[in-house]
Amino acid sequence: MTHVVFVAPRFLENTNRYVRAFAELEDITFSVVSQDPEESIPPPLRARVAGHYRVADVLDASQLTRAVGAIARSIGRVDRLAGGLEQLQLPMAEARDALGIEGLSVAVARNFRDKDRMKEVLRARGVPVARSTLAHASRDIVAFVERVGFPVIVKPQAGLGTRGTYRIENELDLAALPPPSVAVPLQVEEFVRAREHTCETVTIRGVPVWRSGTRYFPTPLEVLETSWVQYCVLLPREDDDPTWTGFHAINAAALAALFGDAAGTAAGTALTHMEWFLREDGSAVVNEVGARPPGVHIMPLMGLAHETDLFADWARLVALDAFTPKPRRFAAGSAFFRGQGPGSRVASVEGVERAVAECGDALVEMRTPKVGQPRADGYEGEGWAIVKHETTDGLKHALRALIENVRVRYA
Ligand SMILES: Nc1ncnc2c1ncn2[C@@H]1O[C@H](COP(=O)(O)OP(=O)(O)O)[C@@H](O)[C@H]1O
Ligand SMILES: [Mg+2]
């Protein structure tokens with residue numbers, strides 16, 4: 001029986017969806033590494049967990065390696081090491097390399113985690129990407145700007161969640177930027193003016209077997225730059241729209257480049273989350289790729305649109321190399337509620353009843369921000385809602401009803 005070890009930092013709502021998915025999978029032995037104690041595993045799932053090992057920090061590769069090694073000694077050979085968090089991908093790869101576990105190695109994981117290397121690998125294989133450089137000093141940024149012009153975008157070499165990401169429009173912006181160094185370099189890229197899409201791809205041993213895609217409204221960067229904007233993710237009803245299908249060849253080429261020689265191995269069995277830009281002239285550019293399930297509720301959205309449980313499907317894919325492609329039946333979307341104005345806590349939440357009434361049957365789930373809740377720092381805000389509809393237009397109507405009615409204020 002395949003022995004899967006899942007890394008669950010804490011047993012929180014979203015992580016527990018993954019834990020449940022593995023726990024409910026028949027024909028596997030299932031173990032868990034976590035920072036939370038074993039007692040925190042939701043009781044109905046605990047009985048299915050063969051081995052548990054607690055560490056202080058799951059992101060520390062040596063602790064993780066020790067934990068997985070201990071589970072292997074007490075329960076048996078570990079066949080798969082899985083975890084959903086972006087920051088876990090490299091430490092897990094280090095543990096795999098140290099313990100001889102099949103799957104993403106450090107060499108391949110770095111293609112996904114290091115933004116500079118990712119772009120180099122894609123460019124070398126002819127995949128369209130923005131011009132970029134890794135700046136180790138301010139003069140590197142200046143030289144890059146001389147070549148491509150303003151605006152440019154700067155971001156951490158191994159970023160996530162649009163943290164530390166800035167649009168640099170002019171010399172003033174440039175002067176205000178904390179200078180990069182050899183120790184802390186900065187990824188600098190030509191600014192791509194475009195719509196921002198995602199492409200979620202299931203590959204089995206490197207072969208794409210299923211795709212889904214979403215559009216971000218507006219782009220994560222614009223959301224961060226514009227404090228009053230509420231953010232939406234839209235998964236359209238149409239799965240044969242050329243906007244999306246036209247990208248498939250680039251998606252396949254990009255994944256082949258990033259997985260490289262490991263494509264045909266267990267490393268190439270994955271659900272990947274690719275972000276890509278579609279320019280006005282119809283040309284597409286790959287922005288970045290995560291070798292992990294997507295965030296911003298795209299997992300539940302894919303489940304709703306394809307009438308399946310994508311968490312369960314992912315667990316089965318990872319553990320057993322199996323996936324049954326599902327046809328699309330609905331459009332689905334998520335809206336994120338973000339506060340307005342200065343202040344550090346939510347002071348008022350208005351318009352919820354009206355939003356719910358206007359959404360009608362499209363509303364699937366809603367988490368309204370609570371008065372007193374601390375201000376969130378990312379673009380996902382303090383609350384969210386998930387909607388589903390037979391048509392893309394109906395879904396857009398529901399998303400609009402949410403973000404135009406719900407008003408969150410800070411104080
Ligand atoms: N070259 C670029 N041109 C335009 N916008 C960009 C570019 N790179 C990043 N962005 C914006 O910044 C956001 C975050 O950058 P990204 O590369 O996705 O890093 P991460 O999501 O890991 O923080 C993107 O979603 C996009 O809105
Ligand atoms: Mg991103």
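Just so you know, ligand 1 is whichever comes first in the structure, and atom 1 is the first atom listed for that ligand. Values below: every heavy atom of this structure, side chains too, minus hydrogens, waters and symmetry copies.
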Check your understanding: Side chains of Asp393 and Thr391: donor-acceptor distance under 3.5 Å anywhere?
Key -> no
Q) Under 3.5 Å between some N or O of ligand 1 and some N or O of Ala130? A) no
| query | When you measure from the side chain of Gln63 to the backbone N and O of Ala56, does any donor-acceptor pair fall under 3.5 Å? | reply | yes
For ligand 1 and Tyr216, I'd like to know whether there is a polar contact (N/O to N/O, distance under 3.5 Å).
no
Rounding to 0.5 Å, atoms CZ (Arg10) and OG (Ser40) come to a distance of 8.0 Å
For Glu190 and ligand 1, answer yes if some heavy atom of the residue is under 4.0 Å from a ligand atom, otherwise no.
-> yes
Checklist line | Short N or O distance, Ile153 and ligand 1, threshold 3.5 Å exclusive | finding: no
Q. Does the side chain of His306 pick up a donor-acceptor pair with the side chain of Arg328 at under 3.5 Å?
A. yes
At the Mg ion (ligand 2), OE2 of Glu288 and OE1 of Glu275 open up to roughly (10° bins) 90°
Whether the His52 and Ser34 side chains hold a donor-acceptor pair (N or O, under 3.5 Å, no angle test) is what I'd like checked.
yes
Check your understanding: Considering distance alone, does some N or O of Thr165 sit under 3.5 Å from an N or O of ligand 1?
Key -> no
Does some non-hydrogen atom of Glu86 fall short of 4.0 Å from ligand 1? no
- Message: What I want to check is whether the side chains of Lys119 and Ser132 have a donor and an acceptor closer together than 3.5 Å.
- Response: no
